[in-house]
2 protein chains.
Amino acid sequence: MYTISEISRLTQTTAHTIRYYEKEGLLFPSRTANGVRRYDETQLTWLRFVLRLRATHMPIEQIRQYVDLFLSSSDEHDTTNDRLRLLEAHQQTVRAQLQELKQTEQMITDKIAAYRRLHPSVSTDPVRSP
Amino acid sequence: MYTISEISRLTQTTAHTIRYYEKEGLLFPSRTANGVRRYDETQLTWLRFVLRLRATHMPIEQIRQYVDLFLSSSDEHDTTNDRLRLLEAHQQTVRAQLQELKQTEQMITDKIAAYRRLHPSVSTDPVRSP
DNA sequence: TTACACGTTAAAGTGAACTCTAAGTCAAGC
DNA sequence: GCTTGACTTAGAGTTCACTTTAACGTGTAA
């Protein structure tokens, strides 16, 4: 079991942010008798999953939806399909981001190459604006 | 020459945002006698360049730095190297974003595959938390 | 036992990037 | 001449995701 400062170090995330994620309903650490948070491997894995989604700009609200579906799932009420749909939707936005990034990476690479070819002339700058 | 509503349509960006970018020093459209903004192809190209950088999360402040260097460049004071350095720095962040996105894309794909294999069982959910 | 590191909370504050409001000007069409 | 719609401005408001503050509790080493 880890303290908040330990998983803070392990995930390179401030304790502040970890508490904030808990307040937003993304994490559910257990507590000691006097209310100190304790994190097990499962919670650590979950936090890493959340951080992955955040790094790809999934809004906290959407992550919470996923968590809520997870928690509300039972034999009578299966939420697998809903979760699958959320993941597939996010997969689409991740792929769109990848497209955009690849194109911009190419643009920057081209521009850098142009700058290098022309250096040190500025008058013939490849950008030609404003 | 385009009006603000025309380049708004052409770039899928609200006129509000385009004026905001101008206020932030990223665009310099000319004006008609009574102060109405007019955009030429160069300004349109420039806006598209700005939108590319924004789509890859370059902060407006950094874009402005690039613009400022561009505008302050002259025969006596060459800013090519500084601009090159800014672009190279952003190239690094774009590559880091690409890395992160690719990894998360893989993770989501794996998770979706796992959900599909196990469907409709929830008890053996691949996430196993919280 | 006192110091100090580390934990707790609710709530207010921050910064970035828009987004909207209010009050106004202006040109074209009926 | 009047209405409509597109433009103008400064400045206030919004949203998101933290981040800080203030005030306090707890455990352990010197």
Side-chain angles (χ1 to χ4, degrees), chain A residues 1-40 43-44 46-67 90 93 97 100 104, chain B residues 1-40 43-44 46-68 89-90 93 97 100 104:
Chain A
M1 299 285 271
Y2 309 105
T3 63
I4 198 164
S5 57
E6 281 164 350
I7 71 157
S8 164
R9 187 170 34 74
L10 287 169
T11 59
Q12 301 291 308
T13 310
T14 69
H16 271 313
T17 300
I18 295 166
R19 288 195 199 99
Y20 166 72
Y21 284 169
E22 180 180 345
K23 204 184 68 178
E24 293 300 314
L26 308 187
L27 297 173
F28 304 86
S30 55
R31 302 281 185 129
T32 65
N34 37 24
V36 176
R37 291 168 179 82
R38 293 289 153 176
Y39 300 83
D40 60 11
Q43 282 292 305
L44 181 55
W46 189 256
L47 174 55
R48 286 189 166 132
F49 172 62
V50 167
L51 291 173
R52 265 259 122 77
L53 295 180
R54 284 294 308 126
T56 53
H57 311 101
M58 189 188 254
I60 282 176
E61 171 60 31
Q62 241 173 76
I63 301 177
R64 186 186 15 246
Q65 274 177 39
Y66 186 89
V67 176
H90 188 56
T93 84
Q97 288 175 63
E100 183 71 53
T104 305
Chain B
M1 298 286 270
Y2 309 104
T3 64
I4 199 165
S5 57
E6 281 164 349
I7 70 157
S8 165
R9 186 171 34 74
L10 287 169
T11 59
Q12 301 293 307
T13 310
T14 69
H16 270 313
T17 301
I18 294 166
R19 289 195 200 97
Y20 166 72
Y21 284 170
E22 181 181 342
K23 204 182 67 176
E24 294 299 315
L26 309 187
L27 297 172
F28 303 87
S30 54
R31 303 282 185 128
T32 64
N34 38 23
V36 176
R37 291 169 180 81
R38 292 290 153 177
Y39 301 82
D40 60 12
Q43 281 292 304
L44 181 55
W46 189 256
L47 174 55
R48 286 188 165 132
F49 173 62
V50 167
L51 291 172
R52 266 259 122 79
L53 296 179
R54 284 295 307 127
T56 53
H57 311 102
M58 189 190 254
I60 283 177
E61 171 60 31
Q62 239 172 80
I63 302 177
R64 187 188 13 247
Q65 274 177 39
Y66 187 89
V67 177
D68 289 350
H90 188 56
T93 85
Q97 289 176 63
E100 182 73 52
T104 305

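Each chain gets a letter, A, B and so on, in the order its sequence line appears, and its residues count up from 1. Hydrogens, waters and symmetry mates are skipped; everything else that's a heavy atom, side chains included, is used.
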Evaluate the criterion side chain to side chain donor-acceptor pair (under 3.5 Å) for residue pair A:Ser30 and A:Arg38; output intermediate values, then yes/no.
-> CA-CA 5 Å; A:Ser30 55; A:Arg38 293 289 153 176; over 6 Å; no
For A:Thr14, answer base if it contacts any base atom (sugar-phosphate contacts may also be present), sugar-phosphate if it contacts only those atoms, and nothing otherwise; contact means non-hydrogen atoms under 4.0 Å.
-> nothing
Residue of the set B:Ile18, B:Leu10, B:Leu44 for which side-chain contact (heavy atoms from CB on, under 4.5 Å) holds with B:Tyr39 | B:Ile18
In whole angstroms, how far is the C1' atom of D:dA17 from the CD atom of A:Glu22?
-> 17 Å
Give the first and the last nucleotide of DNA chain C, reading 5' to 3', that has any atom under 4.0 Å from a heavy atom of chain B.
-> C:dA17 to C:dA27
Not counting sequence neighbours, which residues clear ring pair (Phe, Tyr, Trp, His ring centres under 6.0 Å) with B:His57? List them please.
-> A:His57
Hey, is the main chain of B:Thr13 close enough, under 3.5 Å, to the side chain of B:Ser8 for a donor-acceptor pair?
-> yes
What's the NE2-C1' distance between A:His57 and D:dT15, to the nearest Å?
-> 16 Å
Rounded to the nearest angstrom, tell me the gap between atom OH in B:Tyr2 and atom P in D:dC7.
-> 15 Å
Gap between atoms CD1 and C1', on B:Ile18 and D:dA6 respectively (whole Å) = 14 Å
Any Lys/Arg nitrogen of A:Glu22 or A:Arg31 sitting under 4.0 Å from an Asp/Glu carboxylate oxygen of the other?
-> yes
Report which part of the nucleic acid A:Arg31 touches: base, sugar-phosphate, or nothing (heavy-atom distance under 4.0 Å, all strands).
-> sugar-phosphate
Comparing B:His16 with B:Ile60, nearest DNA chain C nucleotide closer to 5' gives the residue B:Ile60
Could you state the atom-to-atom distance from CD of A:Gln62 to P of D:dT15 in whole Å?
-> 18 Å
side-chain contact (heavy atoms from CB on, under 4.5 Å) evaluation trace for B:Glu61 with B:Glu24 | CA-CA 8 Å; B:Glu61 171 60 31; B:Glu24 294 299 315; over 6 Å; no
Separation of A:Lys23 atom NZ from D:dC18 atom C1', in whole Å?
-> 10 Å
Look at B:Arg19 and D:dA10 and indicate whether a side-chain polar atom (N or O) is within less than 4.0 Å of OP1 or OP2.
-> no
Would one find a side-chain N or O of B:Thr3 under 4.0 angstrom from OP1 or OP2 of D:dA6?
-> no
To the nearest angstrom, how far is B:Ile4 atom CD1 from D:dT9 atom P?
-> 9 Å
Look only at the side chain of B:Thr56 and the backbone of B:Arg52, and say whether a donor-acceptor pair between them is shorter than 3.5 Å.
-> yes
To the nearest Å, how far apart are A:Glu61 CD and D:dA17 C1'?
-> 13 Å
